[in-house]
Protein chains: 2
Amino acid sequence: MANNTDGQTKRTSTFREKMIFAEQYCAKNDLQFTPVRRKVLELLLKSDRALGAYELLDLLREVGFKPQPPVAYRALEFLIKYGFAHKVEHLNAFVACIHPGKEHSPAFMICRSCDSVSEMDTLRSDSMLAENLISQGFKVEEAVIEARGLCEACADVEVK
Amino acid sequence: MANNTDGQTKRTSTFREKMIFAEQYCAKNDLQFTPVRRKVLELLLKSDRALGAYELLDLLREVGFKPQPPVAYRALEFLIKYGFAHKVEHLNAFVACIHPGKEHSPAFMICRSCDSVSEMDTLRSDSMLAENLISQGFKVEEAVIEARGLCEACADVEVK
DNA sequence: GATAAGATGTTATATCGTAACATCCTATAG
DNA sequence: CTATAGGATGTTACGATATAACATCTTATC
């Protein structure tokens, strides 16, 4: 299938495109996209599961870093603050964001069979939710949705 | 205002009514509503905030129990399993459920100012959400919504 | 009164997360 | 070229959350 030089092909953005986006976003906004931060984002992007902080620490060690826990948590804090990653609260674990740069409240689909986590494109449901809550007198500033169930692949397999 | 003998008055159910409901539900379903479980539910019902497991342990100690962590976690596991309580993942803390016995995915409104947690009556939004996710090939089995923002009281106060 | 299931007691430890302070790096002013 | 200031990282130590594993007790039933 398409490589990066094929500007015509329709597809979601690639790993490399996301890294380049992060790079440029940081440059534009005077943010330091340091080696640890870059590596953590790479690891999250390459994983189809959410990764725990200590798991990330192990992976960082495998590629030559010698980080203590605060290093991972600080990198994650940075990535989350600027919209490159989210925390999945049900798992105490972290995932790369699918549309960094855009304001949004994330919604996750967590497969109970294969543990994959995918982020829903949920700009629409945001507003439904907010309206709903506002109607009860609550002023929503941010909202997170986490759904557990079966992803398409695992639902196909399960005969039950 | 109304006491329990006033069957006509419209209001949400009282602490005592909820305890009686739990009692009867357990009796009907051969579940043991033991002293620790009862006390933990009482404590959650009486609190307007979510309570952490270790906070509950302290409160249990104040009333004569001498529990180690697993005791609290087991009581909570029971209450959650049978729909009397929920875990608020953003807070690593627990709240009593507002409508036990009914199948539902909870939605919480967490006030960033006063820390109050209230559960939204969200049977409707459930289905909206499920439809939305199903459309992306994911089979939702349960979903949790957690919104942060300002409760009505705190929004009124805040002049900003 | 034997037995089995569920509940609780208890110890120890795993897992997740952060406070606090030292050090380093880099940009910019003097 | 130093000085210095802010942000980033290194490091130690610990706090907070959660559970595994096994012992004991309680209760219902045979």
Side-chain angles (χ1 to χ4, degrees), chain A residues 22-23 25-41 43-44 49-61 63-82 84-95 110 115 117 146, chain B residues 22-23 25-41 43-44 49-61 63-82 84-95 110 115 117 146:
Chain A
E23 192 111 34
Y25 182 92
C26 288
K28 248 182 243 158
N29 295 276
D30 271 318
L31 305 173
Q32 300 183 42
F33 198 43
T34 62
V36 194
R37 292 170 178 177
R38 168 189 306 270
K39 193 70 208 177
V40 170
L41 180 54
L43 291 167
L44 292 179
R49 301 184 299 107
L51 296 176
Y54 280 69
E55 225 172 334
L56 281 165
L57 284 167
D58 288 341
L59 294 169
L60 287 172
R61 286 192 189 105
V63 294
F65 294 84
K66 299 190 170 42
Q68 296 299 314
V71 171
Y73 283 103
R74 286 192 292 229
L76 289 165
E77 183 185 28
F78 172 88
L79 294 173
I80 290 169
K81 178 171 181 183
Y82 294 106
F84 300 120
H86 297 294
K87 177 171 184 182
V88 182
E89 297 286 346
H90 275 83
L91 303 174
N92 294 322
F94 305 84
V95 292
I110 307 164
D115 281 332
V117 173
E146 296 186 4
Chain B
E23 192 112 34
Y25 181 93
C26 288
K28 249 183 241 158
N29 294 275
D30 270 319
L31 304 174
Q32 300 185 39
F33 198 42
T34 62
V36 194
R37 291 171 179 177
R38 168 189 306 271
K39 193 70 209 177
V40 170
L41 180 54
L43 291 167
L44 292 179
R49 299 184 300 107
L51 297 175
Y54 281 71
E55 225 172 334
L56 281 166
L57 283 167
D58 287 342
L59 294 170
L60 287 172
R61 286 191 190 106
V63 294
F65 293 84
K66 299 187 170 43
Q68 296 300 313
V71 171
Y73 283 102
R74 286 192 292 230
L76 289 166
E77 182 185 28
F78 173 87
L79 294 173
I80 290 168
K81 178 170 180 183
Y82 294 106
F84 301 119
H86 297 294
K87 177 170 185 183
V88 183
E89 297 286 344
H90 275 84
L91 304 174
N92 293 323
F94 305 84
V95 292
I110 307 164
D115 282 331
V117 173
E146 295 185 4

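What's counted below: heavy atoms across the whole structure, side chains too, no hydrogens, waters or symmetry copies. Each chain gets a letter, A, B and so on, in the order its sequence line appears, and its residues count up from 1.
For the pair B:E77 CD and D:dT17 P, the interatomic distance rounds to 19 Å; values are reported in whole Å. Taking atom OH of residue A:Y73 and atom P of nucleotide D:dT11, one finds them 19 Å apart after rounding to whole Å. Spacing between atom CZ of A:R38 and atom C1' of D:dT9 amounts to 17 Å, rounded to whole angstrom units. The separation between B:L56 atom CG and D:dT17 atom P is 11 Å, rounded to whole Å.
Shown here are the side chain to side chain contact (heavy atoms under 4.5 Å, CB included) partners of B:V36, two or more places apart in sequence or in another chain: B:V40, B:L60, B:F65, B:V71, B:A75. Residues forming a salt bridge (charged side-chain N to carboxylate O under 4.0 Å, His left out) with A:R38 (at least two apart in sequence, or on another chain): A:E23. Looking at residues two or more places apart in sequence or on another chain, you find a side-chain hydrogen bond (donor to acceptor under 3.5 Å, both in side chains) between A:K39 and A:E42. Considering only residues two or more places apart in sequence or on other chains, B:E89 meets the side-chain hydrogen bond (donor to acceptor under 3.5 Å, both in side chains) condition with none of them. Considering only residues two or more places apart in sequence or on other chains, A:Q68 meets the side chain to side chain contact (heavy atoms under 4.5 Å, CB included) condition with A:P70. Considering only residues two or more places apart in sequence or on other chains, A:F78 meets the ring pair (Phe, Tyr, Trp, His ring centres under 6.0 Å) condition with A:Y82.
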Heavy-atom protein contacts under 4.0 Å, nucleotides 5-13 of chain C, coded B base, S sugar-phosphate only, - none: -SSBBBB--
For a quick test of your reading: what N or O donor-acceptor pairs under 3.5 Å do the side chains of residues 50-59 of chain B make, sequence neighbours left out?
| from | atom 1 | to | atom 2 | distance (Å) |
| --- | --- | --- | --- | --- |
| B:E55 | OE1 | B:G52 | N | 3.0 |
| B:E55 | OE2 | B:R49 | NH1 | 3.4 |
| B:E55 | OE2 | B:R49 | NH2 | 2.6 |
| B:D58 | OD1 | B:R61 | NH1 | 3.3 |

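Contacts between residues 87-95 of chain B and DNA chain D, defined by a heavy-atom separation under 4.0 Å, are made by B:K87, B:N92.
The closest side-chain heavy-atom distance from A:F94 to A:I80 is below 4.5 Å.
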